[in-house]
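In what follows, a structure is listed as structure tokens, so that the remarks can point back to it.
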Amino acid sequence: MPVVTLPDGSQRRFDHPVTVDEVAGDIGAGLRKAALAARVNGRLVDTSYVIADDANLAIVTDKDPEGLEVIRHSTAHLLAQAVKELFPDAQVTIGPVIEDGFYYDFAFKRPFTPEDLAAIEAKMTELARADEKVSRRVMPRDEAVRFFRNLGEIYKAEIIASIPDKEQISLYGQGNWVDLCRGPHVPSTGKLKAFKLTKVAGAYWRGDSRNEMLQRIYGTAWADKKQLDAYLTRLEEAEKRDHRRIGKELDLFHLQEEAPGAVFWHPKGWTVFQCLVAYMRERQGLAGYAEVSAPELMDASLWQQSGHLQTFGENMFLTKTPDERVYAIKPMNCPGHVQIFKHGLRSYRELPVRLAEFGKVHRYEPSGALHGLMRVRAFTQDDGHVFITEDQITAEAVAITQLILSIYRDFGFEEVAIKFADRPARRVGADDIWDRAEAALKAASDAAGIQYTLNKGEGAFYGPKLEFVLRDAIGRDWQCGTLQVDLNMPERLGAYYIDEHSARRTPVMLHRAIFGSLERFFAILLEHHAGRLPAWLSPVQAVVLSITDRQDEYVRKVTESLKNQGFRVEFDLRNEKVGFKIREHTLKRVPYLLVAGDKEVAANLLAVRTRSGKDLGAMPMETFAERLRIELESRGRQVLEG
RNA sequence: GCCGGGAUAGCUCAGCUGGUAGAGCAGCGCAUUCGUAAUGCGCGGGUCGUAGGUUCGAAUCCUAUUCCCGGCACCA
């Protein structure tokens, strides 16, 4: 007879097998109503699950993260049920839970339209209102395959047929609709109260671009209307932070048809870009890197030798000159750096040799992949290559890791996830070389004391890598930095040094980038700060405003003086009300507005206002300059605006 | 690259079933000299992404094409 232990340690005895639902009812009517699923001995089950033996039980409600998952999963089923009722010819495939919602893929003779989406959502609401009971049953695999074949659901049948044949298949049904599913699901469709279909899109069957394309319907689902609305508001907020929108608003850059995936940097955007370069130049210099610059165009034979052309040639831009030579525009900087390393005879005494370049690379990305500054065809890497002996890998990798994390902190990114990407299917070099490279990178990661997750098969074609992923202000993740151990490229390109016994040795090459792509990092910064870049990165750090033309001379003088001190300052003498000027420059995200009216001129002061609307009072220009200087030098750690 | 949607003034967008393009903001001019997120009045501005086609007539319909957007696939 089962003894059920609840999360608080209390126990309940039953003299017969009981369902989760009954136990919940035994605890309280409110809990019974709120129960969506349960954990029995750690396993997630339906409320109809029968407990026959002693067990630990935790009721799952919409307050639990699992509860929300159950809701989303069940809403995906509701979507499929609605689609089948409205479009009986559509075939169901899969419908998993994703972040904030779910999707379901259908095979259908024509694409779903936005009107279809509205009709489907209305049908879903109707089915949820009907509060149909969701029931579970089990059948042997082969029977399940026959069952779905008979229904004409060939995709489902294919999925089930790929499950090992001894397994029992669970099916969930609601109304006259039934689907294969591991579950669990909500006890009845009435539990689904806050959902919305968001978009239709194409998606390949089984995620393989060689397969046919299905219709994917995305939706979001929440415990209640309030959560749903909060989510929709969050989407709107994210849209306002979109770097493409901010780039336009602040006149930072543009893209145009003749140069897909290549950026036209405007003066203000380029100012910020140059701030990033200057910052990195300083940090790298201190870390022992020497800056170089290698050609953007090199003979294709070099790329043949490096392995790029064979492995990733379809992503490279090639050009033929009138003399019939084929050149490749560099997609990476490493071969260039190897040429510089190779020039002259290197001694082991020189190692590590650390070369860095703000290298502009071009990659022919698939047209559908392009996305603002995040994914472009022409971009600038803060690329660096370190040539070392195998014994030096650990120490150097630890130093690089620390450098990367320290730099991210300067930009306000404290949360950094690290992934270890091991050998990919398309690669160069023998397996034993890969074994050594992966072991060395693992050892270095351990020595650096970092935690990482495995990103299987995602390494570079020449070596394993660590990927550094930033989390921004609204919780999105972006891969930026990378550290790669390469035991292949130096040998392929004939690089060597002379060791202490006068023998030729092939160096190990570490590839590393910190921003990754400057374009991308720039976009991440814009979105992270919603355009309000810290003053040290702002294209314009302050604007001096006049109230009437009586202050013109004073404003010009102050502006000139601040500019001479190295600040990025402009003035605004337009014949407009001060409120109008303040609004405009606030919208342009200028950190400080310095207002000069008759009072300030008389007292030789500036009234300082921040872009967040805070009044810092009137102060002499020298005071403002001093405080701003401290803010810039501390890279925003000591902030004037408070 | 694949599926779907889109492209109209500098920007955001309207323009129903074909009859020859419109708003707000921005810009320009004039007035206003003003104290912390929009002063008022007036004016100019578009071969409707590109190339073909159908038609008496095309922003609107058809075909092709480029780019953009949302996904998928890709991401050295």
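Order of the sequence lines sets the chain letters (A, B, ...), proteins ahead of strands, with each chain counted from 1. Predicted model, so just to flag it, every value in this text is computed and none were measured.
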Side chain of [X] only, heavy atoms from C-beta on: which candidate in [options] is closest?
X	options	answer
Tyr462(A)	U36(B), A76(B), U39(B)	A76(B)
Phe461(A)	U39(B), A76(B), G35(B)	A76(B)
Ala201(A)	A76(B), C74(B), G70(B)	G70(B)
Tyr364(A)	G35(B), A76(B), G1(B)	G1(B)
Lys248(A)	G35(B), U39(B), U12(B)	U12(B)
Ile582(A)	C74(B), A37(B), C67(B)	A37(B)
Pro366(A)	C74(B), A37(B), G35(B)	C74(B)

Under 4.0 Å: is that the gap between some side-chain N or O of [X] and OP1 or OP2 of [N]?
X	N	answer
Lys577(A)	A37(B)	no
Arg216(A)	A73(B)	no
His371(A)	G70(B)	yes
Tyr218(A)	C72(B)	yes
Arg609(A)	A37(B)	yes
Ser367(A)	G1(B)	yes
Lys199(A)	G70(B)	no

query: Salt-bridged, Glu249(A) to Lys588(A), with N to O below 4.0 Å?
result: no
field: Electrostatic pair Arg244(A)-Asp242(A), nearest N-O below 4.0 angstrom
entry: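 So Arg244(A) pairs with Asp242(A) through a salt bridge.
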task: Answer yes or no: is there a side-chain heavy-atom contact under 4.5 Å between Leu518(A) and Phe358(A)?
output: yes
message: Once rounded to the nearest 0.5 Å, what's the spacing between atom CG of Asp105(A) and atom CZ of Phe108(A)?
response: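 If I round to the nearest 0.5 Å, the distance is 15.0 Å.
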field: From Thr75(A) atom OG1 to Leu79(A) atom CG, the distance as rounded to the nearest 0.5 Å
entry: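 Interatomic distance, Thr75(A) OG1 to Leu79(A) CG, rounded to 0.5 Å: 9.0 Å.
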Under 3.5 Å, is there an N or O donor on one side and an acceptor on the other linking the side chain of [X] and the base of [N]?
X	N	value
Tyr204(A)	G1(B)	yes
Arg210(A)	C2(B)	no
Gln551(A)	G35(B)	no
Asp615(A)	U36(B)	no

message: Tell me the interatomic distance from Arg206(A), atom CZ, to C3(B), atom P, rounded to whole angstroms.
response: 22 Å
message: From CZ of Phe253(A) over to P of C68(B), roughly how many Å is that when rounded to an integer?
response: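 Checked: the CZ to P distance equals 13 Å.
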When you compare [N] with [M], how far apart are their [atom1] atoms, in angstrom units rounded to a whole number?
N	M	atom1	value
U36(B)	G70(B)	P	41 Å
U55(B)	A7(B)	P	26 Å
C56(B)	U12(B)	P	38 Å

task: Specify the residue among Pro111(A) and Ala607(A) whose closest nucleotide of RNA chain B lies further upstream toward the 5′ end.
output: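 Result: Pro111(A).
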query: Which pair of heavy atoms, one from Met124(A) and one from Ala82(A), lies closest together, and at what distance?
result: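 Shortest heavy-atom contact: CG-CB, 3.6 Å.
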- request: Write down the atom of Gly247(A), the atom of Phe253(A), and the distance for their closest heavy-atom approach.
  value: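 Closest heavy-atom pair between Gly247(A) and Phe253(A): CA-CE2, 3.6 Å.
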task: With heavy atoms under 4.0 Å as the rule, sort Leu255(A) into base, sugar-phosphate or nothing.
output: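 No contact at all - Leu255(A) keeps every heavy atom at 4.0 Å or more from the nucleic acid.
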task: Could you tell me whether Pro260(A) contacts a base, only the sugar-phosphate backbone, or nothing, with contacts defined as non-hydrogen atoms closer than 4.0 Å?
output: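 Touches sugar-phosphate only.
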- request: Answer yes or no for this row: Phe580(A) ring on A38(B) base, centroids under 5.5 Å, planes under 30°.
  value: no
